[in-house]
Protein chains: 2
Amino acid sequence: MRNLLEIQEQLLPDLMNTLKRRYSILHQIKLSGMVGRRTLASSLSMTERVLRAETDLLKAQGLIEIETLGMRISSAGLCLVEELEPVMNELFGLVELEEKIRQAYGLRKVVIIPGDSESSPEVKRELGRAGARTLLSFVEDGDTIAVTGGSTLAEVAEQMSSLPGGGPLRSTWFVPARGGLGESMEIQANTIASKMAKRVGAEYRLLHVPDLLSEDAYQSLVQDQHIQEIVDVIRRCRVIIHGIGDAMEMARRRKLDEGSIQNLQADGAIAESFGYYFSEEGEVVHKMLTLGLRLEDIMRTETIIGIAGGQGKGKAIHAVLKFGHEDILVTDEAAALELEKEIDAAI
Amino acid sequence: MRNLLEIQEQLLPDLMNTLKRRYSILHQIKLSGMVGRRTLASSLSMTERVLRAETDLLKAQGLIEIETLGMRISSAGLCLVEELEPVMNELFGLVELEEKIRQAYGLRKVVIIPGDSESSPEVKRELGRAGARTLLSFVEDGDTIAVTGGSTLAEVAEQMSSLPGGGPLRSTWFVPARGGLGESMEIQANTIASKMAKRVGAEYRLLHVPDLLSEDAYQSLVQDQHIQEIVDVIRRCRVIIHGIGDAMEMARRRKLDEGSIQNLQADGAIAESFGYYFSEEGEVVHKMLTLGLRLEDIMRTETIIGIAGGQGKGKAIHAVLKFGHEDILVTDEAAALELEKEIDAAI
DNA sequence: CTCTATCGGGCCGTAAAATGTCCCAGTTAA
DNA sequence: TTAACTGGGACATTTTACGGCCCGATAGAG
């Protein structure tokens with residue numbers, strides 16, 4: 001059975017926030033010994049009135065004692081804080097880890113969900129939900145959103161049914177970031193883009209490019225007017241959401257020949273994302289021959305959301321983050337812990 | 001460490017209510033299969049609009065699926081209900097037991113707090129809190145409230161600091177139900193009445209009657225005008241809150257002589273309350289010689305709140321409830337389970 | 001086919017709660 | 001004494017919750 005708190009959080013989405021808030025207050029009162037409302041409010045950076053509502057409740061629950069010279073934790077409150085301490089450390093652990101990773105790679109936001117999506121389908125689903133929520137929180141109507149393929153992105157699309165993102169996004173466009181890359185149908189960028197669009201009532205356009213293009217075919221496709229049109233749309237996207245893969249695994253999945261794989265390995269390719277292969281240091285060491293977003297488009301895109309989870313993805317995520325153009329990272333605990341190792345090793 | 005649930009009930013009492021509500025909804029949807037909003041609202045006796053807010057949230061959480069022909073629980077929702085079932089039974093368990101006891105003895109309200117107040121001081125404190133909360137919820141300004149002695153009532157008084165019972169009760173009177181009964185100072189009715197009054201900003205009057213009155217002394221006290229005055233006030237009380245004791249224990253505590261104790265035992269005295277001794281069938285088999293509430297006063301009092309806890313009190317509580325003039329019972333889980341045995345045995 | 005009952009969802013005015021921001025009387029320490 | 005605190009009361013304003021109604025869609029009965 002999963003953690004009771006995680007189960008409850010499905011029914012009470014703001015349970016964690018409230019729990020955290022009240023615990024922090026109680027904890028702070030414990031540390032301060034005897035403290036007044038205003039002092040406490042400023043040290044917790046809350047407004048006086050909000051704090052007051054909470055302390056009234058804590059008092060009604062008998063967890064604190066309020067006297068004329070301030071508030072003090074009661075024995076019941078002390079007992080509760082001590083019992084809750086390990087639980088809260090575990091919970092806040094991820095929050096702190098989020099902040100650590102955010103700082104280390106200079107990201108705008110990091111979201112970590114508990115668990116390992118590699119070993120548990122439920123966690124993978126949660127990762128998808130978190131990705132969907134995050135994506136929608138950054139999208140405004142009228143945006144163009146480029147998405148890549150991959151099983152994680154497929155899960156994001158799956159979980160995207162009318163989350164609390166407000167009204168329908170009627171003039172929003174979902175497009176694949178790059179052409180077809182030899183994935184199975186369900187996890188192709190095209191499929192995912194169209195699914196996402198349908199889920200939130202948005203529009204979509206597809207880019208059908210055969211896999212394993214010859215140079216000649218590529219050149220002629222580039223000239224094609226219809227293709228140019230959609231590629232232009234893709235390049236003007238405001239948001240990118242993309243998965244992150246292990247380089248070798250992706251190469252094998254795309255059925256590259258043995259020679260190319262050895263080349264990649266020689267070049268130190270660790271990670272793959274939007275058709276580019278990255279080295280441990282975040283340098284692009286190889287790229288797929290297909291249409292869509294180019295590096296310069298990626299660099300100037302306003303919001304880039306990377307999403308990947310599982311312990312084995314740690315190094316790959318690190319490599320892509322080193323590339324330095326990510327804004328948001330959505331991952332799971334297992335991968336985040338690997339990232340933490342990389343960060344600590346770099347010091 | 002205590003159960004996480006108990007901790008949450010202390011820190012998040014409001015959220016636990018919504019947890020129960022949402023669980024009930026989800027559970028009902030599960031049972032109903034495919035059900036419409038209005039149908040569901042009436043079967044849960046909620047207004048349509050409130051239910052809607054909840055189902056919107058459940059949908060956003062992916063726990064139910066909403067289609068044109070109704071709502072259905074999703075696989076995630078089903079999974080959650082199953083995982084939460086034992087937890088919720090624990091939460092709801094006492095509610096059902098409350099109702100069972102309420103019906104069995106024809107009471108107006110039953111409050112059961114988890115645990116055994118006999119073996120845990122924390123539970124005893126909680127029992128006091130519950131008693132205080134219950135008492136205040138039935139009191140209106142202007143009432144006269146008669147209280148008895150006993151350690152449980154002392155705890156009620158202790159926990160009565162300005163609970164959310166609204167404004168101060170300036171014209172409310174707290175009085176002892178009967179004269180001093182040979183208890184130690186802290187748990188005497190007089191002490192408790194005055195403490196309660198001070199806690200909620202009410203008035204109080206005391207009744208000082210020495211223990212172990214001789215018949216002569218009793219007769220002269222009855223004639224005393226000051227005493228008559230306060231006794232009149234006591235007899236006009238609108239609310240009584242009283243503890244319930246084991247007959248033999250009380251007799252010993254009051255230092256009755258061996259003969260009286262054997263008499264009590266011969267008469268089948270099981271319980272004691274407001275100076276009266278009750279048999280298993282709820283008949284009064286003996287009474288203390290002191291002033292204050294008489295049986296006829298008790299019978300016409302509007303609201304009588306009995307409070308007692310601990311496994312050993314089960315039979316005593318049963319006896320007093322059989323007496324048939326209780327309205328409210330506040331007890332703990334251990335005593336309630338004993339009561340349940342009595343109820344089941346009576347069938 | 002039509003009719004009817006029921007579905008989810010949109011909408012709106014009001015009631016209630018949450019919140020920010022004061023002030024006040026009391027207490028303590030200097 | 002003063003100055004700096006305290007908790008609690010009060011109030012205007014914003015935000016949210018709520019009740020109640022209507023609407024088009026849809027499925028099943030006839």
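No hydrogens, no waters, no symmetry mates; every other heavy atom, side chains included, goes into these values. Chain A is the first sequence line, chain B the second, and so forth, proteins listed ahead of strands; every chain is numbered from 1.
The closest side-chain donor-acceptor pair between B/Asp143 and B/Thr172, if any, does not fall under 3.5 angstrom. For the residue pair B/Gln159 / B/Glu126, no side-chain donor-acceptor distance below 3.5 Å is found, with atom types taken as modelled. For the 3.5 Å distance criterion, the side chains of A/Arg108 and A/Thr303 qualify, holding a donor opposite an acceptor.
Rounding to whole angstrom units, CG of residue B/Asp56 and C1' of C/dG8 are separated by 9 Å. The CD1-P distance, from A/Ile64 to D/dT6, rounds to 14 Å in whole Å. Rounding to whole angstrom units, CD of residue A/Glu67 and P of C/dG26 are separated by 18 Å. Atom CD of A/Glu54 is separated from atom C1' of C/dT19 by 12 Å (rounded to the nearest Å). One interatomic measurement links the two molecules: CZ of B/Arg72 to P of C/dG8, which rounds to 12 Å at whole-angstrom precision. In this structure, A/Leu57 places its CG atom 15 Å from C1' of C/dA17, rounding to the nearest Å. Between the P atom of C/dG9 and the CG atom of B/Leu40 lies a distance of 14 Å, rounded to the nearest Å. Distance B/Arg38 CZ to D/dG19 P: 15 Å, rounded to the nearest Å.
Near-neighbour residues of DNA chain C inside residues 23-34 of chain A, defined by a heavy atom below 4.0 Å, are absent.
Looking only at distances, a side-chain donor or acceptor of B/Arg199 sits under 3.5 Å from a matching main-chain atom of B/Glu158. Panel note: side chain B/Gln61, backbone A/Gln10; a donor-acceptor pair is recorded below 3.5 Å. A donor-acceptor pair is defined here as one N or O able to donate and one able to accept, closer than 3.5 Å; no such pair exists between the side chain of A/Thr39 and the backbone of A/Val35. With hydrogens and angles disregarded, a donor-acceptor distance shorter than 3.5 Å links the side chain of B/Ser74 to the backbone of B/Leu63.
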Step-by-step side-chain contact (heavy atoms from CB on, under 4.5 Å) determination, B/Gln28 to B/Leu40:
CA-CA 8 Å; B/Gln28 187 63 40; B/Leu40 190 59; 3.4 Å; yes
Evaluation steps, side-chain contact (heavy atoms from CB on, under 4.5 Å), between B/Glu65 and B/Met71
CA-CA 6 Å; B/Glu65 285 156 12; B/Met71 297 172 289; over 6 Å; no
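A sub-4.0 Å separation between OP1 or OP2 of C/dG8 and a side-chain N or O of B/Lys59 is absent.
Note that the OG1 atom of A/Thr144 and the CD atom of A/Glu203 stand 11.0 Å from one another [nearest 0.5 Å].
With axes fitted over five pairs at each extremity, the angle between the ends of the helix from C/dC1-D/dG30 to C/dA30-D/dT1 is 30° (10° resolution).
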Please enumerate all protein N or O atoms sitting under 3.5 Å from an N or O of nucleotides 24-30 of chain D, with distances to 0.1 Å.
none

Quick test: give all pairs of protein nitrogen or oxygen and nucleotides 9-18 of chain D nitrogen or oxygen below 3.5 Å, distance rounded to 0.1 Å.
unit_1	atom_1	unit_2	atom_2	d
D/dG9	N7	A/Arg52	NH1	3.2
D/dG9	N7	A/Arg52	NH2	2.6
D/dG9	O6	A/Arg52	NH1	3.0

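Checking C/dC23, C/dG8, C/dT6 against the side-chain heavy atoms of B/Ile66 singles out C/dG8 as nearest.
Within a 6.0 Å sphere centred on NZ of B/Lys20, other residues, nucleotides and ligands contribute more than 12 heavy atoms.
A/Ile29 is not listed as a side-chain neighbour of A/Arg72, based on a closest heavy-atom distance of 4.5 Å or more.
Annotation: ring pair (Phe, Tyr, Trp, His ring centres under 6.0 Å) contacts of A/Tyr23 (sequence neighbours excluded): A/His27.
B/Thr55 comes within contact range of no nucleotide atom at all, as no heavy-atom separation falls under 4.0 Å.
Sorted by first and then second residue, the ring-ring contact (aromatic ring centres under 6.0 Å, His included) pairs involving residues 38-74 of chain B (not counting sequence neighbours) form an empty list.
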